[in-house]
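Report on the structure given below.
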Amino acid sequence: MDGTQAAPLRQHVSNATLVTSMGLGAGDVGFLAGLYGSFVGHQTLYAATVTGCSAAVGAFMVGMAIATFIRKGSAG
């Protein structure tokens with residue numbers, strides 16, 4: 001034995017795991033944006049909810065675009 005090791009196999013992350021992780025992260029971003037809008041922006045409950053949901057959808061879309069780019073290695 002010369003002490004070398006084989007290269008580790010690249011682990012595959014399923015699409016379901018990726019979407020779930022992005023959804024949970026986007027939900028956290030939306031929740032924080034809603035709290036910020038409620039406390040700092042003095043928004044009503046409805047307006048803060050709309051702010052949080054909009055931020056969550058936007059974070060999910062951006063996160064999925066980044067994850068897709070990283071997985072495919074190209075923009076298209």
Side-chain angles (χ1 to χ4, degrees):
M1 294 293 239
D2 59 0
T4 59
Q5 297 179 356
L9 296 175
R10 186 173 179 204
Q11 294 187 2
H12 176 71
V13 178
S14 70
N15 287 337
T17 303
L18 183 65
V19 171
T20 301
S21 298
M22 288 295 155
L24 291 173
D28 292 342
V29 169
F31 182 72
L32 292 175
L35 284 177
Y36 185 82
S38 176
F39 291 117
V40 177
H42 303 290
Q43 294 179 337
T44 64
L45 178 62
Y46 178 77
T49 302
V50 171
T51 300
C53 289
S54 300
V57 169
F60 183 78
M61 291 173 59
V62 169
M64 287 305 295
I66 292 170
T68 302
F69 178 80
I70 290 172
R71 285 187 68 133
K72 288 186 178 181
S74 65

Quick one: do Met22 and Val29 end up in the same hydrophobic cluster if we chain Ile, Leu, Val, Met, Phe, Trp and Tyr together by side-chain heavy atoms under 4.5 Å apart?
no
With sequence neighbours excluded, tell me which residues meet side-chain hydrogen bond (donor to acceptor under 3.5 Å, both in side chains) with Thr51.
Gln43
Is there a side-chain contact between Arg71 and Asn15 in this structure, where contact means two heavy atoms from C-beta onward sitting under 4.5 Å apart?
yes
Evaluate the side-chain proximity of Val57 to Cys53: yes if any heavy-atom separation is below 4.5 Å, no if none is.
no
Contact summary for Ala55 and Ala33, nearest pair of heavy atoms
CB-CB, 3.6 Å
Is it true that Val40 and Phe31 fall in one hydrophobic cluster, defined by side-chain heavy atoms closer than 4.5 Å?
no
